[in-house]
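Contents: one structure, followed by commentary.
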There are 2 protein chains.
Amino acid sequence: MLGLRHLETLDAIREAGSLVEASERLHVTQSALSHQLRDIEGRLGVSLLNRRTRPVRFTVAGERLLALADQVLPLMRQGLRDIRALAEGQSGRLHLAIECHACFQWLMPALDVFREQWPQVELDLSAAFAFAPVPALLRGDLDMVVSSDPVEHEAVLWQPLFSHELVLAVSRNSSLAEREFVEPADLVEETLITYPVERDRLDIFTAFLQPANIEPAAQRKTELTPMMIQLVAAGRGVAALPNWAISEYLDHGLIRSLSLGERGVWRTLYIGIRAEEAEVPYLKEFIQTARQQSMAGLEGIRGA
Amino acid sequence: MLGLRHLETLDAIREAGSLVEASERLHVTQSALSHQLRDIEGRLGVSLLNRRTRPVRFTVAGERLLALADQVLPLMRQGLRDIRALAEGQSGRLHLAIECHACFQWLMPALDVFREQWPQVELDLSAAFAFAPVPALLRGDLDMVVSSDPVEHEAVLWQPLFSHELVLAVSRNSSLAEREFVEPADLVEETLITYPVERDRLDIFTAFLQPANIEPAAQRKTELTPMMIQLVAAGRGVAALPNWAISEYLDHGLIRSLSLGERGVWRTLYIGIRAEEAEVPYLKEFIQTARQQSMAGLEGIRGA
DNA sequence: ATCCCAACATGAGATAATCTCACCTTATAA
DNA sequence: TTATAAGGTGAGATTATCTCATGTTGGGAT
């Protein structure tokens, strides 16, 4: 009934002082404004302005609508500006989940870089161990997932980040310490230390032990990679970790690492986003930053 | 482009949780909302909400528009309420001008009554001696005029208030004091005391002296009716005034009053408003109040 | 697995809102 | 009085929006 157009018209008439000039500013005919005023005055049942004076004179009702226009139009303009910024990717949302515990290592610096470059993007971080990432992406709970298990879906775009070898960390005193690689059967006597997630999401099981139908002697869980390393070093068990995640501990000589099987178990980490957002600038740039940071972390690691 | 309808739609969808229920609330089909969203998302270049969740989930852009709706819609609603009040005559404007100096006498109580009954009406008062009231009415400078000289105009509605006699106030010691009436020629030796306005607006000239081509010996001007009375009582001149304006002074015996000519000069006071506003409730009521107050002021006056 | 249901999307045509065009009326000044 | 500038108005064109009929999709039940 009373629309923004009417407020804009009244505003223009006030600025212009006449229907003719206002119509020029609004790029419509004077007739359009005349009809518009007639309509709205009829609907509201009040006269809004006296067209016979120069400049035109607003009635009390007209003044009230002008006051309304002064309140509403700037809000609308600002709102549209904000939406435009969102549309152009100046601002937006990046809710990121990682399915990979050790990834924090290179993720943190990447996040720091990103936050500085895209301050308007709302950044949020969660672990994706308890839920399936693809539905969460499609649902809009997440905008990006880091995973080594890219579940194919037409609406999800997976982009490889880097490849790494999953290695077995053992104590330097372990009987396995001098081996080049281990076979699944070598673990029947060992305690396996893992992150506390379901078995199906642990590559050591899915890619190494289960195919050989081998079960480790025991399983122990911890969230923290350094704690895992300490337990391994203390001879309390063995752990399967990405090679880059343990490189600094190898350098200290605390532990040793072996390939899983003769050819090793290799994994690739992927970043997944909604396919429709493939061109969102800050997402593209985040992926690039993530690649750089993770590559930097890989430098000098054997086999990487 | 982005209209209030879109904001209302988004608001309804948020409240309802789904397009289907929102469409019911808005009394349109679900299809309409779907098209509407599609259009606006296309125009803005952003997705506003994810329809696949239950309830639907808004994107960052959608949330921004909802925030906009929360700001704008209440303002619009309040604005419309105010306009409705204006339209129904609950509130409005009454800029009143009087062409009649002595009228303040009964006008003041009328204004007091009115202010109490119509507190939302913006009341303003001015004297209409220096300008023509009809153009001012039509221009919107004024909303009501009290005048004894109703200039006919199709867009102006004049309503009679009351009639009174214009009488000549003279000193009780004047040589005219015992006369029933005066002739124009009787004033050639007198000083005429008037309000300080142009001659054409003084009935004593237009209706009495000028037709007889008579000029008083002198003219003296003052704004204040009581001062006029004092000057008359002191024998410094004579003054033409409405009978009701001097009734209390007659009672005190300070002065005497004579008719102007054998039949007297009678005037009628009119209230003029724009014809289009004839039905505005507070104007109608003001006129009624004015009539009552002026009638009350006339009570017990001879010849009234 | 497959079917069903509820919800949303889509295309075409109907409807309504809004504009333009052409011409008329009114106020003001030369 | 006559120009002239500003507004008003009716009819028809345009554009926006809606409805109707139907298609698609995701999730749960059989």
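Scope of the values below: all heavy atoms of this structure, side chains included, with no hydrogens, waters or symmetry mates. A note on names: the letters A, B, ... follow the listed sequences, proteins ahead of strands, and every chain is numbered from 1.
Within residues 13-24 of chain B, the residues having any heavy atom closer than 4.0 Å to DNA chain C are, in order of number, B:Ser18, B:Leu19, B:Val20. Within residues 37-57 of chain A, the residues that place at least one heavy atom under 4.0 Å from DNA chain C are, in residue-number order, A:Arg43, A:Arg52.
Remark: C1' of C:dT20 and CG of A:Leu26 are 15 Å apart, rounded to the nearest angstrom.
A:Thr194 pairs in a side-chain hydrogen bond (donor to acceptor under 3.5 Å, both in side chains) with only one of the listed residues (A:Gln219, A:Arg199, A:Lys221), which is A:Gln219. In summary, of the residues considered (A:Ile98, A:Leu138, A:Val145), a side-chain contact (heavy atoms from CB on, under 4.5 Å) with A:Pro133 occurs for A:Val145 alone.
Not one side-chain nitrogen or oxygen of A:Gln36 sits closer than 4.0 Å to the OP1 or OP2 atom of C:dT18.
With a 4.5 Å cut-off on side-chain heavy atoms, B:Pro150 and B:Val156 do not count as touching.
Here the straight-line distance linking atom CG of A:Leu209 with atom CD1 of A:Ile204 works out to 4.5 Å at 0.5 Å rounding. Here A:Met76 contributes atom CE and B:Gln71 contributes atom CD; the two are 10.5 Å apart, rounded to the nearest 0.5 Å.
The base of C:dT10 sits with one of its N or O atoms less than 3.5 Å from a complementary donor or acceptor on the side chain of B:Ser31. Residue-to-nucleotide contacts include no donor-acceptor pair under 3.5 Å from the side chain of A:Thr29 to the base of C:dC21. Judged by distance alone with a 3.5 Å cut-off, a donor-acceptor contact links the side chain of B:Gln30 to the base of C:dA9.
Taking every nucleotide of DNA chain D with any atom under 4.0 Å from a non-hydrogen atom of chain A, the first and last of them, 5' to 3', are D:dA6 to D:dA11.
Checked by atom type, the side-chain pair A:Ser163/A:Thr268 shows a donor-acceptor distance below 3.5 Å.
Here salt bridge (Lys or Arg N to Asp or Glu O under 4.0 Å) pairs that include residues 147-158 of chain A, with residues two or more places apart or in two chains, number zero. Within the structure, salt bridge (Lys or Arg N to Asp or Glu O under 4.0 Å) pairs that include any residue of residues 69-86 of chain A comprise A:Arg14-A:Asp70, A:Asp82-B:Arg64 (at least two apart or interchain). Pairs of residues two or more places apart, or lying in two chains, that qualify as ring pair (Phe, Tyr, Trp, His ring centres under 6.0 Å) and include a residue from residues 269-290 of chain A are A:Phe114-A:Phe286.
A residue-by-residue look at B:Arg5 and A:His153 shows that B:Arg5 has its nearest nucleotide of DNA chain D further toward the 5' end.
Judged by distance alone, with hydrogens and angles left aside, the side-chain atoms of A:His35 form no donor-acceptor pair with the main-chain N or O of A:Ala32 at under 3.5 Å. Listed for the A:Glu41 side chain is a donor-acceptor partner under 3.5 Å among the backbone atoms of A:Leu48.
Ring stacking is absent between A:His35 and C:dC19, as the pair misses the limits of under 5.5 Å between centres and under 30 degrees between planes.
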